[in-house]
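To keep things clear, I will list the structure first and then write my remarks on it.
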Amino acid sequence: LKYEMFKRLNTGGEALSAQEIRNCSARMLGDAGTEFYTFLRKCEADESFRICTEELAESDRSKKGDEELVLRFFACKNAENLFSNNVRNWLDVYMEKVLLSETAFEYEKEKETFRKLFGFLSRVMGKYPFVKYKNGLPTGGLAPAYFEAVSIGVLNCLDHIVDSDAQTVRNAIISVVQSSEFRDVTGPGANTKPKLRGRISLIQNPLTQLPK
């Protein structure tokens, strides 16, 4: 009851961001909530993740936008089927299902996956894996749709490319994000399930064709 009241009281104002509300709500649910909240914070503090998300706007970071990106990664990885055009609701529902043990979450396994992926991305892309590119050069800040596409697209073929030449992987990713096809699934109206799947596939498919 306290959890539901807190959500209702804090979703109509500007005092707290969506992720700040999630963090507070999680801790209201006892040990399970505290464990998940602590896990998100540890992932956010991972050095490789911080390198990869350095271009996140400070205004977003001050509102726990970096922790929300961690949650967004696991929602994309584990609950794409729950996506229904509203990112905030999607993340809320996924987190609640984890906290209420309605969906499994293997902490050690998930931590290792997270560490391995962002370690790879920081090595290959530095601080620019989730930004737009023009003429091969990074431009602008971190874009959430790019974060989803690159993180999950790379994850889905990581075992295949983990030992590939870093510059070759980097060039392949940049080539995709500069394409008109990628802009079509990351621009206006990008928050649909077909476009989410489309942008992930656009990153994943050429990477699976790279030589090991």
Side-chain angles (χ1 to χ4, degrees), residues 17-20 22-24 26-27 32-79 87 91 94-95 98-99 105-133 136-174 176-177 199-200 203-204 207 210 212:
S17 70
Q19 189 58 37
E20 288 170 323
R22 291 186 197 105
N23 291 344
C24 294
R27 283 175 285 181
T34 300
E35 182 181 22
F36 191 69
Y37 167 70
T38 301
F39 178 81
L40 293 183
R41 293 196 66 185
K42 286 182 177 179
C43 288
E44 176 274 324
D46 178 83
E47 182 179 0
S48 294
F49 177 78
R50 288 200 166 193
I51 291 170
C52 289
T53 58
E54 192 170 321
E55 295 304 299
L56 180 68
E58 283 304 315
S59 57
D60 292 331
R61 195 179 302 278
S62 68
K63 289 291 189 178
K64 305 299 182 184
D66 41 11
E67 292 176 18
E68 182 169 272
L69 287 175
V70 175
L71 178 62
R72 195 171 184 135
F73 167 74
F74 287 112
C76 282
K77 174 182 175 293
N78 300 327
V87 172
L91 300 185
Y94 174 64
M95 190 186 81
V98 171
L99 299 185
F105 194 87
E106 299 180 50
Y107 283 92
E108 288 303 316
K109 184 177 179 180
E110 298 288 12
K111 179 177 71 174
E112 179 59 21
T113 297
F114 186 90
R115 184 200 63 77
K116 185 176 180 181
L117 171 67
F118 287 96
F120 176 81
L121 283 174
S122 67
R123 176 171 64 85
V124 170
M125 303 293 292
K127 64 179 184 177
Y128 301 114
F130 311 125
V131 302
K132 298 177 182 179
Y133 279 81
L137 298 174
T139 178
L142 186 150
Y146 286 51
F147 175 83
E148 295 165 348
V150 175
S151 64
I152 302 302
V154 170
L155 177 66
N156 288 346
C157 57
L158 185 57
D159 288 342
H160 177 77
I161 62 174
V162 68
D163 295 320
S164 296
D165 175 70
Q167 190 61 51
T168 301
V169 175
R170 175 183 168 82
N171 289 344
I173 292 173
I174 292 174
V176 171
V177 301
R199 57 183 173 264
I200 291 171
I203 295 292
Q204 178 181 340
L207 294 178
L210 295 180
K212 290 188 176 182

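Residues L40 and R22 fail the side-chain proximity criterion, which asks for heavy atoms closer than 4.5 Å. Between P129 and I173, the closest side-chain pair of non-hydrogen atoms is not below 4.5 Å. Contact of the M125 side chain with the V150 side chain is not registered, since no non-hydrogen atoms from C-beta on lie closer than 4.5 Å. Side-chain atoms of D60 and E68, non-hydrogen and from C-beta on, never get closer than 4.5 Å to each other. For the pair L71 and E44, the minimum side-chain heavy-atom distance is 4.5 Å or more. Residues E67 and Y37 have side chains in contact (heavy-atom distance under 4.5 Å, counting atoms from C-beta outward). The shortest side-chain heavy-atom distance between L69 and L142 falls under the 4.5 Å cut-off. A 4.5 Å side-chain heavy-atom check between F73 and I152 finds at least one atom pair inside the cut-off.
Enclosure of atom NZ in K77 by more than 12 non-hydrogen atoms of other residues, nucleotides or ligands within 6.0 angstrom is indicated. A 6.0 Å sphere centred on CZ of R123 holds more than 12 heavy atoms belonging to other residues, nucleotides or ligands.
Note that the CD atom of E55 and the OH atom of Y128 stand 5.0 Å from one another [nearest 0.5 Å]. The CZ atom of F118 sits 9.0 Å away from atom SG of C43, with the distance rounded to the nearest 0.5 Å. The CD1 atom of I200 lies 10.0 Å from the CG atom of L155; values are rounded to the nearest 0.5 Å. A distance of 9.5 Å separates CG of D46 from OG1 of T53, quoted to the nearest 0.5 Å. One finds the SG atom of C52 at 5.0 Å from the CG atom of L121 (value rounded to the nearest 0.5 Å).
Taking every heavy atom of both residues into account, I51 and S122 meet most closely at CG2-CB, 4.1 Å. Heavy atoms only, all atoms of each residue included: I161 and F120 are closest at O-CE1, 3.6 Å. Nearest heavy-atom pair, N156 versus Q204, reported as atom, atom and distance to 0.1 Å: ND2-OE1, 3.0 Å. The shortest heavy-atom contact between S151 and F130 is N-CE2, 4.0 Å. Annotation for V131 and G140: closest pair CG1-O, 3.7 Å, computed over non-hydrogen atoms. The nearest pair of heavy atoms linking L56 to D66 is CD2-N, 3.6 Å.
Contacts of F39 classified as ring-ring contact (aromatic ring centres under 6.0 Å, His included), with partners at least two apart in sequence or in another chain: F74, F105, Y107.
Salt bridge present: R115 and E112 bring a charged side-chain N and a carboxylate O closer than 4.0 Å. The residues R50 and E47 are annotated as not salt-bridged, no charged nitrogen and carboxylate oxygen being separated by less than 4.0 angstrom.
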Q: Determine, step by step, whether E148 and I203 satisfy the side chain to side chain contact (heavy atoms under 4.5 Å, CB included) criterion, reporting the C-alpha distance in whole Å, the side-chain angles of both residues, the deciding distance to 0.1 Å, and the verdict.
A: CA-CA 10 Å; E148 295 165 348; I203 295 292; over 6 Å; no

